Number of protein chains: 2
Amino acid sequence: METTIFESEELRQLETLAQQRRTIKRYQHLFRAGSPLQYLYLIRAGSFKSCVLDSNGREQITGFHMNGELLGSCAIGTGKHLCDMMALEDSSVYEISFAEVERLVREIPTLQRCLNRAMSREVERNYKSMLLLGSMRAEERLATFLLDLSQRFAKQGYSATEFNLRMTREEIGSYLGLKFETVSRMFSNFRESHSIEVKNRAIEIKDLNRLQQMVGHYA
Amino acid sequence: METTIFESEELRQLETLAQQRRTIKRYQHLFRAGSPLQYLYLIRAGSFKSCVLDSNGREQITGFHMNGELLGSCAIGTGKHLCDMMALEDSSVYEISFAEVERLVREIPTLQRCLNRAMSREVERNYKSMLLLGSMRAEERLATFLLDLSQRFAKQGYSATEFNLRMTREEIGSYLGLKFETVSRMFSNFRESHSIEVKNRAIEIKDLNRLQQMVGHYA
DNA sequence: CGCGATTTTGACGGCACTCAAGCGCCGTGG
DNA sequence: CCACGGCGCTTGAGTGCCGTCAAAATCGCG
């Protein structure tokens, strides 16, 4: 009895093309930047991080991904993956053969729309990250991050106020452009202001309004 | 006698669909975020900036665009533009009716590839920006910016070492996640280290190696 | 239970921001 | 043509946020 809730409804169309399941152990890569696009993936269970590296070894986490989301879509244009995708915990995905998708896309026009939308969503998410990285202070970044997670958990039918982080402070820091000590300090600040309760990876949002206000007022 | 050099060769295919030219005056918008996608645009002359705004009025410039580049591609998925596009100087573009493109895309499979690639390029550029915003210090950001501009001018057949900036210090700052005073100071630093010559918007790169080294070594 | 990894917390320093003043370039109008 | 005004740019002084370095606590896992 599975009722996957997709990031976007039209992804249900892709689900019908899912050929097989694949399980990924924690810290394993689903694909790497530069490798050819063979499959698109729908997350059935678990979570992932995507990251890009530059020529000097710097790493930037570009996103965290959970249930119902499509992975690999930004490779559609070039046929090569643009980022590394690593499981944050033991996870499970549907494999969707891209060759199959390319074949079917000529017969089913709505399938193309579906792919295009997936890529646009990726661009839109990236724009939001750029805004965050370019113009927010540490407190605002972390508040934005928590509110985003909260919404996504809620959309999956989980609690919007109590959830467990799947990533380390360092990974949060990489995503938000902060050092892990700063992330930790901000969590402590939030606790002291009674906005959240933190116990390691366990988060309870106690004052949603306050978090939203933090994102709102800027200098 | 026009020989447009495109950002990517396959854009030449889109050029054949160009129906009319349009001129845009400085500081005019080509389109705005949220407006429906009616045309894609190929830049014939001039330059543009794209920016996103958040609900609190913060602005982030997501890119600068010049000759031969395609504008509006990230709206392909949703049918609505995701960013504002403003001319930095009096400019000229080809209009390409998106309705026409959508009609032709079923007959010409390579046209779809062309659009997909355009979107992938956008994602790739954004990843680079996120890396820059998330993990570089001011000096590295500005050096990266200058090297990127240099390459793009060179690709258009212009000098890689002497060019005029089309944007203000404040716009550079918005793009790089810095305040304009910091941008100005960094330019002065670069001049003092004889890496570049700056006179207002006029840039001369005098020591390309040094700029590249700046990007290289991190902490 | 014990070890390594993760997280917290403290002290300190530096890079970038803020605020402010002055300069220079350019377009406009007298 | 020149004077004026506004905007963009530069530069300085001071501050503060976040990074760095370090140590201790806690967690998770074998």
Side-chain angles (χ1 to χ4, degrees), chain A residues 25-27 49 58-61 86 88-90 132-146 164-193 196-204 214 217-219, chain B residues 25-27 49 58-61 86 88-90 132-146 164-193 196-204 214 217-219:
Chain A
K25 290 229 167 291
R26 184 154 79 143
Y27 302 145
K49 67 171 176 179
R58 262 185 295 239
E59 180 182 292
Q60 172 74 28
I61 293 182
M86 181 191 276
L88 292 172
E89 59 192 315
D90 292 357
L132 179 144
L133 292 167
S135 67
M136 290 188 186
R137 44 192 56 245
E139 185 187 76
E140 298 175 277
R141 295 186 198 195
L142 193 60
T144 304
F145 172 71
L146 288 175
N164 284 298
L165 301 173
R166 304 299 150 88
M167 66 294 284
T168 66
R169 301 287 189 265
E170 189 162 20
E171 286 165 333
I172 296 172
S174 169
Y175 177 61
L176 298 178
L178 302 169
K179 296 296 162 185
F180 70 91
E181 297 97 325
T182 303
V183 173
S184 179
R185 262 183 259 273
M186 288 299 139
F187 272 133
S188 298
N189 288 354
F190 286 7
R191 177 171 40 215
E192 279 159 30
S193 71
I196 66 173
E197 198 43 66
V198 206
K199 171 105 178 153
N200 252 326
R201 308 272 179 109
I203 302 285
E204 182 191 353
M214 284 181 195
H217 89 116
Y218 174 66
Chain B
K25 289 229 167 292
R26 184 153 80 143
Y27 302 146
K49 67 172 177 179
R58 260 184 296 241
E59 178 181 292
Q60 173 74 27
I61 293 183
M86 181 191 275
L88 293 172
E89 58 191 316
D90 291 358
L132 179 145
L133 292 167
S135 67
M136 291 188 187
R137 45 190 54 248
E139 185 187 77
E140 298 176 278
R141 295 186 198 195
L142 192 60
T144 303
F145 172 72
L146 288 175
N164 284 298
L165 301 173
R166 304 299 150 88
M167 65 294 284
T168 66
R169 301 288 189 263
E170 189 161 20
E171 286 165 332
I172 296 171
S174 170
Y175 178 61
L176 299 178
L178 302 169
K179 296 296 162 186
F180 72 90
E181 297 97 326
T182 303
V183 173
S184 178
R185 262 183 259 274
M186 287 299 138
F187 272 135
S188 298
N189 289 355
F190 286 7
R191 176 169 41 213
E192 278 159 32
S193 70
I196 67 174
E197 198 43 66
V198 207
K199 171 110 180 148
N200 254 325
R201 307 275 181 106
I203 301 285
E204 181 190 354
M214 284 181 194
H217 90 116
Y218 176 63

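Note that the coordinates shown come from a computational prediction; the quantities given were computed from them, not determined experimentally. Computed from heavy atoms alone, side chains included, the values below leave out hydrogens, waters and symmetry copies.
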Could you state the atom-to-atom distance from CG of B:Leu133 to P of C:dA16 in whole Å? 13 Å
Look at the side-chain N and O atoms of B:Ser188 and state whether any lies under 4.0 Å from the OP1 or OP2 oxygen of D:dT11. yes
From CD of A:Glu140 across to P of D:dC17 the rounded distance in Å is 12 Å
Check whether the side chain of A:Glu181 and the base of D:dC21 form a donor-acceptor pair under 3.5 Å. yes
Could you tell me the separation between the NZ atom of B:Lys179 and the C1' atom of D:dG12, rounded to a whole number of Å? 19 Å
Could you tell me whether B:Arg201 contacts a base, only the sugar-phosphate backbone, or nothing, with contacts defined as non-hydrogen atoms closer than 4.0 Å? sugar-phosphate
May I ask you to decide whether B:Arg166 forms a salt bridge with B:Glu89, counting only side-chain N to carboxylate O separations under 4.0 Å? yes
Which part of the nucleic acid does A:Gly177 contact within heavy-atom distance under 4.0 Å: base, sugar-phosphate only, or nothing? sugar-phosphate
To the nearest Å, give me how far apart CD (B:Glu197) and C1' (D:dT10) are. 15 Å
So A:Ile172 and A:Leu142, do their side chains get closer than 4.5 Å, heavy atoms only? yes
Using the closest heavy atom to pick a nucleotide of DNA chain C for each, name whichever of A:Phe187 or B:Arg185 lands nearer the 5' end. A:Phe187
So, is B:Lys199 close to the C:dC25 phosphate, meaning a side-chain N or O under 4.0 Å from OP1 or OP2? yes
Rounding to a whole Å, what distance do you find between A:Arg169:CZ and D:dA25:C1'? 14 Å
Using atom types as modelled and distance alone, determine if a side-chain donor or acceptor of A:Arg169 lies under 3.5 Å from a backbone N or O of A:Val183. no
Touch check for B:Thr168, heavy atoms < 4.0 angstrom, all strands: base, sugar-phosphate only, or nothing? sugar-phosphate
Would you indicate which nucleotide in C:dC17, C:dC15, C:dT7 comes nearest to any side-chain atom of A:Asn200? C:dT7
Pick the nucleotide of DNA chain D nearest each of A:Ala138 and A:Phe180; which residue has the one closer to the 5' end? A:Ala138
CZ of B:Arg137 versus C1' of C:dC17: gap in Å, rounded? 15 Å
A:Leu176 CG to D:dC18 P, in whole Å, measures 12 Å
What I want to find out is whether B:Arg58 reaches A:Glu140 closely enough, with some N-O distance under 4.0 Å, to be called a salt bridge. yes
Judged by each residue's nearest nucleotide on DNA chain C, which is more toward the 5′ side, B:Met186 or B:Arg26? B:Met186
May I ask you to evaluate whether B:Thr182 reaches the phosphate of C:dA16, defined as a side-chain N or O under 4.0 Å from OP1 or OP2? no
Quick one: A:Met167 CE to D:dC27 P, roughly how many Å, whole number? 20 Å
Check whether any side-chain heavy atom of B:Leu133 lies under 4.5 Å from a side-chain heavy atom of A:Gln60, and answer yes or no. no
